[in-house]
Colleague: 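Let me give you the structure first, and then I'll get to my questions.
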Amino acid sequence: EEYQALRAILREARLGARVTQQQLAERLGKPQSYVAKVEGGERRIDVIEFIALANAIGIEPAELFKKSMKEIAPL
């Protein structure tokens with residue numbers, strides 16, 4: 001459930017930045033299927049990949065992490 005929320009946050013951030021999966025994949029130097037698998041839950045990411053994704057979307061990784069924490073593990 002928490003990972004599903006993280007995936008949704010990443011997807012919303014990408015869409016909010018008006019970046020397609022293909023554009024994001026190109027920025028990451030990966031195939032479009034990588035982004036699709038991350039967003040679809042077929043592939044889990046680690047913190048290094050989270051940072052790379054945030055940077056490629058154009059969002060400060062710390063801000064995106066802070067938003068993720070509020071939704072996944074609110075105080």
Side-chain angles (χ1 to χ4, degrees):
E1 195 173 300
E2 290 90 356
Y3 197 73
Q4 185 176 12
L6 176 63
R7 292 186 353 249
I9 290 164
L10 287 168
R11 184 173 186 275
E12 288 170 17
R14 178 181 62 77
L15 293 173
R18 295 191 167 146
V19 175
T20 66
Q21 285 187 349
Q22 182 63 43
Q23 291 168 325
L24 181 56
E26 288 171 5
R27 293 176 188 181
L28 293 166
K30 304 223 181 242
Q32 179 273 330
S33 61
Y34 168 84
V35 177
K37 288 178 181 180
V38 169
E39 290 184 358
E42 293 178 54
R43 187 181 194 298
R44 289 170 92 66
I45 59 168
D46 62 24
V47 69
I48 303 301
E49 291 169 312
F50 177 88
I51 292 168
L53 283 162
N55 284 331
I57 291 169
I59 296 175
E60 176 65 35
E63 288 301 316
L64 192 56
F65 185 75
K66 187 175 179 180
K67 179 179 180 178
S68 301
M69 289 302 296
K70 285 182 182 177
E71 292 194 32
I72 295 170
L75 296 176

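As the structure is a prediction and not an experimental result, all values here were calculated from the model.
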Colleague: Per the side-chain hydrogen bond (donor to acceptor under 3.5 Å, both in side chains) rule, what does the pair list look like for residues 55-68, sequence neighbours excluded?
Modeller: none
Colleague: With side-chain hydrogen bond (donor to acceptor under 3.5 Å, both in side chains) as the criterion, how do Gln32 and Gln21 come out once you've worked through the C-alpha distance, each side chain's angles and the decisive distance to 0.1 Å?
Modeller: CA-CA 6 Å; Gln32 179 273 330; Gln21 285 187 349; 2.4 Å; yes
Colleague: Within this structure, what is the CZ-CG distance for the pair Arg11 and Leu24, rounded to the nearest 0.5 Å?
Modeller: 12.5 Å
Colleague: Return the CG to CZ distance between Leu6 and Phe65, rounded to the nearest 0.5 Å.
Modeller: 9.0 Å
Colleague: Taking a hydrophobic cluster as the set of Ile, Leu, Val, Met, Phe, Trp and Tyr residues connected by side-chain heavy atoms closer than 4.5 Å, whether directly or through intermediates, do Leu15 and Val19 fall within one such cluster?
Modeller: no
Colleague: So does Phe50 have more than 12 non-hydrogen atoms from other groups sitting under 6.0 Å from CZ?
Modeller: yes
Colleague: Got a sec, which pairs hit salt bridge (charged side-chain N to carboxylate O under 4.0 Å, His left out) with one end in residues 14-36, sequence neighbours left out?
Modeller: Arg14-Glu39
Colleague: Output the distance between atom CG (Leu64) and atom CD1 (Ile57), rounded to the nearest 0.5 Å.
Modeller: 6.5 Å
Colleague: For the residue pair Ala54 and Pro61, what are the closest heavy atoms and their distance?
Modeller: CB-CA, 3.7 Å
Colleague: Under the salt bridge (charged side-chain N to carboxylate O under 4.0 Å, His left out) definition, can you give me all pairs with a residue in residues 40-58, not counting sequence neighbours?
Modeller: Arg43-Glu49
Colleague: For a quick test of reading the model, state the closest non-hydrogen atom pair linking Ala52 to Leu28 and the distance between them.
Modeller: O-CD2, 3.5 Å
